[in-house]
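What's counted below: heavy atoms across the whole structure, side chains too, no hydrogens, waters or symmetry copies. All values derive from a computational prediction rather than experimental measurement.
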Amino acid sequence: MTPRHDETAYVVALDVGGTGLKAALVGAGRTLLHQARRPTGREGGPDAVVENVLDFAAELREAGVVRYGAEPVAAGVAVPGIVDGATGTAVYSANLGWRDVPLRDLLAERLGGVPVALGHDVRTGGLAEGRIGAGAGVDRFLFTALGTGIAGAVGIDGRVEPGAHGGAGEIGHITVRPGGPECGCGRRGCLELFASAAAVGRAWAEACGDPEATAAGAARAVEAGDPRAAAVWHDAVDALAEGLVTAITLLDPRVLIVGGGLAEAGETLLAPLREAVRAKVTFQHVPTIVPAALGDAAGCLGAGLLAWDLLSAEVASL
């Protein structure tokens, strides 16, 4: 198959989340040409989720054929959990319940044999932020997503470092409170227990007495001057700064990009975070700390970039 690089060439991109699927057609200019969403359907079990992903990809392919009169030239998919990009296997996801799913091969078959790239969701979103988002043009960046948990992406010269075993960037499991509560990973005092959006929501729910309280509600209460929210927020920011200083010490990024649900608080989060990081460093250079720019489109854009990179690698090997 010879890839086309004219103005009508496009790839299918999918971002698989714990509760929702996002899909897009991404053009040669790395722009979103068409977007769609649907529930993941995890209540039907892991096999149903896989089938939903494959069906959704096929629908996007059909939309592309109708719109452009041609098949997609490749596809990319971002998934949560443990990913083996070399074999194209979604190894494990606690949220989706799947194990050792040969997703790359299944998608290639469903899409008529096009090449398919598979990536980790946060690293894929970080790739997009680093290359065409908040870190565009930066040689070294660290992207961190503050959501249900906390994960990161280590960016080097326009690519994201996966690590020797696909585990690079798991900064949510840096210990920031030794002897603290046990994390799902088995260790104690991990960063994501204190500074993820889920953790802030839990802490605020306990502080205000409303079991339905969320991190977004905590941010609004901070802005309104609620001292209970201020205390919750201070604890979370302090823990986050502690973890990030460890990451900064190891990686020395030029830019730190903060995304995920908690980052939607904007400067309510970033202003005290910058101050806390500066207060904790000694010899380290403090990176520029900026908000993510692509929002929840980052995963699809990153999956599209993986697909275009795959094509570029194939052309280079000819």
Side-chain angles (χ1 to χ4, degrees), residues 1-4 9-26 32-68 70-125 127-128 160 162 165-167 298-314 317:
M1 176 180 176
T2 301
R4 295 176 294 110
Y10 67 94
V11 300
V12 171
L14 296 109
D15 180 13
V16 180
T19 58
L21 304 176
K22 294 188 285 289
L25 303 179
V26 180
L32 294 172
L33 305 175
H34 172 76
Q35 298 180 71
R37 298 170 183 255
R38 69 166 48 167
T40 301
R42 63 178 179 175
E43 65 279 359
D47 291 342
V49 173
V50 172
E51 194 59 34
N52 284 340
V53 171
L54 299 179
D55 287 347
F56 204 17
E59 288 179 18
L60 266 288
R61 172 195 179 189
E62 291 172 9
V65 170
V66 169
R67 179 176 294 196
Y68 299 109
E71 297 283 344
V73 293
V77 57
V79 299
I82 301 172
V83 178
D84 186 337
T87 64
T89 304
V91 177
Y92 174 70
S93 171
N95 287 336
L96 299 178
W98 62 26
R99 289 182 180 271
D100 298 319
V101 178
L103 196 55
R104 182 179 67 191
D105 291 345
L106 291 172
L107 273 170
E109 180 181 0
R110 185 65 65 93
L111 295 176
V114 301
V116 176
L118 177 70
H120 180 270
D121 57 352
V122 173
R123 287 197 293 272
T124 300
L127 174 67
V160 169
H165 308 95
C300 276
L301 284 167
L305 290 173
L306 288 179
W308 283 110
D309 285 355
L310 188 62
L311 287 173
S312 296
E314 288 190 352
S317 67

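To the nearest 0.5 angstrom, Tyr10 atom OH is 8.5 Å from Tyr68 atom OH. Distance CZ/Arg37 to CG/Asp15: 9.0 Å, rounded to 0.5 Å. Between the CG atom of Asp121 and the OG atom of Ser93 there is a distance of 8.5 Å, given to the nearest 0.5 Å. Put simply, CG on Leu106 and CD on Glu109 are 7.0 Å apart, with the number rounded to the nearest 0.5 Å. The line from CG of Leu60 to CG of Leu25 is 5.0 Å long, rounded to the nearest 0.5 Å. Rounding to the nearest 0.5 Å gives a distance of 8.5 Å between NZ of Lys22 and OG1 of Thr40.
Listed by chain and residue number, nothing satisfies the side-chain hydrogen bond (donor to acceptor under 3.5 Å, both in side chains) test with Arg99 (two or more places apart in sequence, or in another chain).
When atom types are taken as modelled, the side chain of Arg67 and the backbone of Glu62 share no donor-acceptor pair closer than 3.5 angstrom. Looking only at distances, a side-chain donor or acceptor of His120 sits under 3.5 Å from a matching main-chain atom of Val122. The backbone N or O of Phe56 sits nowhere less than 3.5 Å from a side-chain atom of Arg61 that would complete a donor-acceptor pair.
For residues 43-56, the set of pairs meeting the side chain to side chain donor-acceptor pair (under 3.5 Å) definition, not counting sequence neighbours, comprises Glu51-Arg110, Asp55-Arg110. The side chain to side chain donor-acceptor pair (under 3.5 Å) analysis of residues 77-91, with sequence neighbours excluded, yields the pairs Asp84-Thr87, Thr87-Thr89.
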Notebook entry, point to check: Between Val91 and Val83, does a side chain to side chain contact (heavy atoms under 4.5 Å, CB included) hold up when you go through it step by step?
Noted result: CA-CA 5 Å; Val91 177; Val83 178; 6.0 Å; no

Check: Does the pair Val114 and Glu71 meet the rule for a side chain to side chain contact (heavy atoms under 4.5 Å, CB included), with working shown?
Finding: CA-CA 9 Å; Val114 301; Glu71 297 283 344; 5.5 Å; no

Item checked: Working for side chain to side chain contact (heavy atoms under 4.5 Å, CB included), residues Trp98 and Leu103 -> CA-CA 11 Å; Trp98 62 26; Leu103 196 55; 4.3 Å; yes

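Side chains of Pro115 and Leu311 form a contact here, defined as non-hydrogen atoms less than 4.5 Å apart. Contact of the Gln35 side chain with the Cys300 side chain is not registered, since no non-hydrogen atoms from C-beta on lie closer than 4.5 Å.
The two residues Gly302 and Leu127 have their closest heavy-atom pair at O-CD2, 4.0 Å. A pairwise comparison of heavy atoms in Ala24 and Leu32 identifies CB-CD2, 3.6 Å as the closest pair. What you find for Leu21 and Gly17 is that their closest heavy atoms are CD2-N, 4.5 Å. Pairing each heavy atom of Val26 with each of Ala13, the nearest pair is CG2-CB, 4.0 Å. For Ala90 against Val79, the heavy-atom pair with the smallest separation is CB-CG2, 4.3 Å. The nearest pair of heavy atoms linking Ala57 to Leu107 is CB-CD2, 3.5 Å.
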